[in-house]
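A short worksheet on the structure shown next.
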Amino acid sequence: MSRLAISEFSTYRWSLEQEIQELSRRGIHEIGIWRTKLTDGDIDSAADALYSADMKVSSLSWAGGFTGSCGMTHDEAVEDGISAIRTAARIGTQCLIVHPGSSKGHTRNHAARLLRLAIDRMLPVAMDFGVSLGIELMCRRQSPAWTIFESIEQPISLVKQYSVNNLGLILDLYHVGHQPHLLQRIRELCPHLALVQVSDRTLCEQGHTHRCHIGDGTIPVQSWYDAIEEAGYQGPYEFELHGPNFRPTRYRKMLDDSISRLQQLHQQSLLNRSLSAS
């Protein structure tokens with residue numbers, strides 16, 4: 001599965017060594033790295049292990065909190081982001097996921113200003129190291145702890161205003177897959193996509209949503225996959241599967257199911273294209 005990547009959030013109880021072993025055994029050669037795991041060990045050792053296993057890194061999660069929402073000052077968060085860029089380059093990934101952080105009581109304009117100041121300082125470093133900053137498509141109504149954006153349109157507009165290759169968007173279907181207007185705009189968005197993250201979502205009795213395997217929830221994942229492929233996206237599909245539906249004792253089954261379901265998506269997409277062409 002050359003375009004299947006597995007985020008370490010999906011296997012957070014495993015060590016990097018075990019993840020590399022289990023993914024390689026299944027023919028999965030791309031992984032999304034979580035910085036918290038790297039701080040527990042030596043970054044150079046992790047980079048060497050990934051290189052020796054011919055394991056690519058689809059993304060590094062994450063940098064941000066520029067509003068002071070993560071216990072750092074603005075300047076500290078920016079310096080941490082620059083450190084994350086260097087780490088991303090060291091482990092061989094071109095995509096550093098960026099979360100602005102919550103508004104933390106700031107006015108809308110001031111929170112936006114803090115984000116822009118952070119991007120302006122980090123982008124030149126990212127360009128020097130060949131790393132892209134990927135801002136995840138989220139809005140405050142659904143993810144108030146992670147973003148300052150009032151609507152999905154705001155991060156799209158921000159990335160377009162900078163108009164540089166090293167600033168892009170992270171499309172996580174769990175967060176935006178239920179929004180048909182975005183699906184209809186995928187050709188417009190595709191040139192700006194730094195990464196596509198994949199999971200479905202299901203509604204529990206308490207009204208909360210949880211991540212689940214594609215096909216087990218309410219998101220039209222097949223329609224998204226068809227549209228993304230037709231738009232020309234050539235990057236990895238990073239499966240991010242965590243929460244009550246994915247226990248550590250079921251990690252191996254989760255990996256096997258991920259392979260099977262991405263294969264099904266791809267085969268159905270080929271069939272759909274054939275039918276539409278006939």
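In this text, all values refer to a predicted model and were calculated from it rather than measured experimentally. Residues take their numbers from the sequence shown, with the count starting at 1.
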Any R201 side-chain heavy atom under 4.5 Å of H175 side chain: no
Exam field: side chain H74 to backbone T67, donor-acceptor pair closer than 3.5 Å: no
S276 side chain to R273 backbone, donor-acceptor under 3.5 Å: yes
Spatial distance of atom NE2 (H208) from atom OG1 (T202) [nearest 0.5 Å]: 13.5 Å
Heavy-atom pair of closest approach, residues C95 and S58: CB-O, 3.7 Å
Any side-chain heavy-atom pair of W62 and V98 under 4.5 Å: no
Approximate separation, where rounding is to 0.5 Å, of L60 CG and I31 CD1: 11.5 Å
Within-4.5 Å side-chain heavy-atom neighbours: L167 and I119: yes
Within 6.0 angstrom of D44 CG, more than 12 heavy atoms from elsewhere: yes
Heavy-atom side-chain contact between E22 and W14 under 4.5 Å: yes
Criterion side-chain contact (heavy atoms from CB on, under 4.5 Å) on M72 and E79, from CA distance to verdict: CA-CA 10 Å; M72 294 183 284; E79 288 301 319; over 6 Å; no
Criterion salt bridge (charged side-chain N to carboxylate O under 4.0 Å, His left out) on R116 and D120, from CA distance to verdict: CA-CA 6 Å; R116 281 185 171 275; D120 289 343; 5.8 Å; no
Check against side-chain contact (heavy atoms from CB on, under 4.5 Å), M254 and T11: CA-CA 9 Å; M254 178 271 294; T11 52; 3.7 Å; yes
side-chain contact (heavy atoms from CB on, under 4.5 Å) assessment of I170 paired with I135: CA-CA 6 Å; I170 308 293; I135 298 179; over 6 Å; no
Residue pair Y12, T36: steps toward the side chain to side chain donor-acceptor pair (under 3.5 Å) verdict: CA-CA 10 Å; Y12 67 94; T36 301; over 6 Å; no
Closest heavy-atom pair and its distance - A63, A84: CB-CB, 4.1 Å
Donor-acceptor under 3.5 Å (S24 side chain, I20 main chain): yes
H242 and F9 aromatic ring geometry - parallel, tilted or perpendicular at 30°/60° bounds: tilted
Any donor-acceptor N/O pair, D200 side chain to I219 backbone, under 3.5 Å: yes
F239-H213 aromatic ring centre distance below 6.0 Å: no
T87 (side chain) donor-acceptor with S83 (main chain) under 3.5 angstrom: yes
Any donor-acceptor pair under 3.5 Å from E30 side chain to P236 backbone: no
Which atom of D226 lies closest to which atom of N272, heavy atoms considered: OD2-ND2, 2.8 Å
L183 side, atom CG; I228 side, atom CD1 - distance, nearest 0.5 Å: 8.0 Å
Under-4.0 Å salt bridge between R3 and E229: yes
Side chain R261, main chain I214, donor-acceptor under 3.5 Å: yes
Salt bridge flag under 4.0 Å for residues D80 and R35: yes
Pair S157-Q161, side-chain donor/acceptor within less than 3.5 Å: yes
Sub-4.5 Å side-chain heavy-atom contact between L16 and L50: yes
Connected via hydrophobic side-chain network under 4.5 Å: L114 and Y162: no
Side chain S10, main chain L241, donor-acceptor under 3.5 Å: yes
Spatial distance of atom CZ (R26) from atom CD1 (I6) [nearest 0.5 Å]: 10.0 Å
Heavy-atom side-chain proximity of E240 to S199 below 4.5 angstrom: no
Worked check of side chain to side chain donor-acceptor pair (under 3.5 Å) between S260 and Q264: CA-CA 6 Å; S260 174; Q264 291 171 15; 3.2 Å; yes
Heavy-atom closest pair, residues A126 and N166: O-ND2, 3.6 Å
Heavy-atom check, side chain of L133 versus side chain of M122, under 4.5 Å: yes
Side chains of L158 and Q154 in contact at under 4.5 Å (non-hydrogen atoms): no
Carboxylate-amine/guanidinium proximity below 4.0 Å for E188 and K160: yes
Full working for side-chain contact (heavy atoms from CB on, under 4.5 Å) between E136 and Q197: CA-CA 10 Å; E136 192 155 348; Q197 293 182 316; 3.5 Å; yes
S52 side chain vs D48 backbone, donor-acceptor pair below 3.5 Å: yes
Ring geometry between Y225 and Y237 (parallel below 30°, tilted from 30 to 60°, perpendicular above 60°): tilted
D256/R250 under salt bridge (charged side-chain N to carboxylate O under 4.0 Å, His left out): CA gap, chis, key distance, verdict: CA-CA 10 Å; D256 292 337; R250 296 173 61 83; over 6 Å; no
Connected via hydrophobic side-chain network under 4.5 Å: F129 and V164: yes
Check: S103 side chain, H106 main-chain N or O, donor-acceptor pair, under 3.5 Å: no
Output field: ring centroids F246/Y251 closer than 6.0 Å: no
Interatomic distance, D172 atom CG to E238 atom CD [nearest 0.5 angstrom]: 9.0 Å
Single-linkage hydrophobic cluster, 4.5 Å side-chain cutoff, Y174 and L169 together: no
Closest approach of R13 to P248 (non-hydrogen atoms, all atoms of both residues): CG-CG, 3.5 Å
Residue among L189, L137, V198 satisfying side-chain contact (heavy atoms from CB on, under 4.5 Å) with L171: L137
OG-CG distance between S59 and L96, expressed to the nearest 0.5 angstrom: 9.0 Å
Closest contact, heavy atoms only, G130 versus Q94: O-CG, 3.9 Å
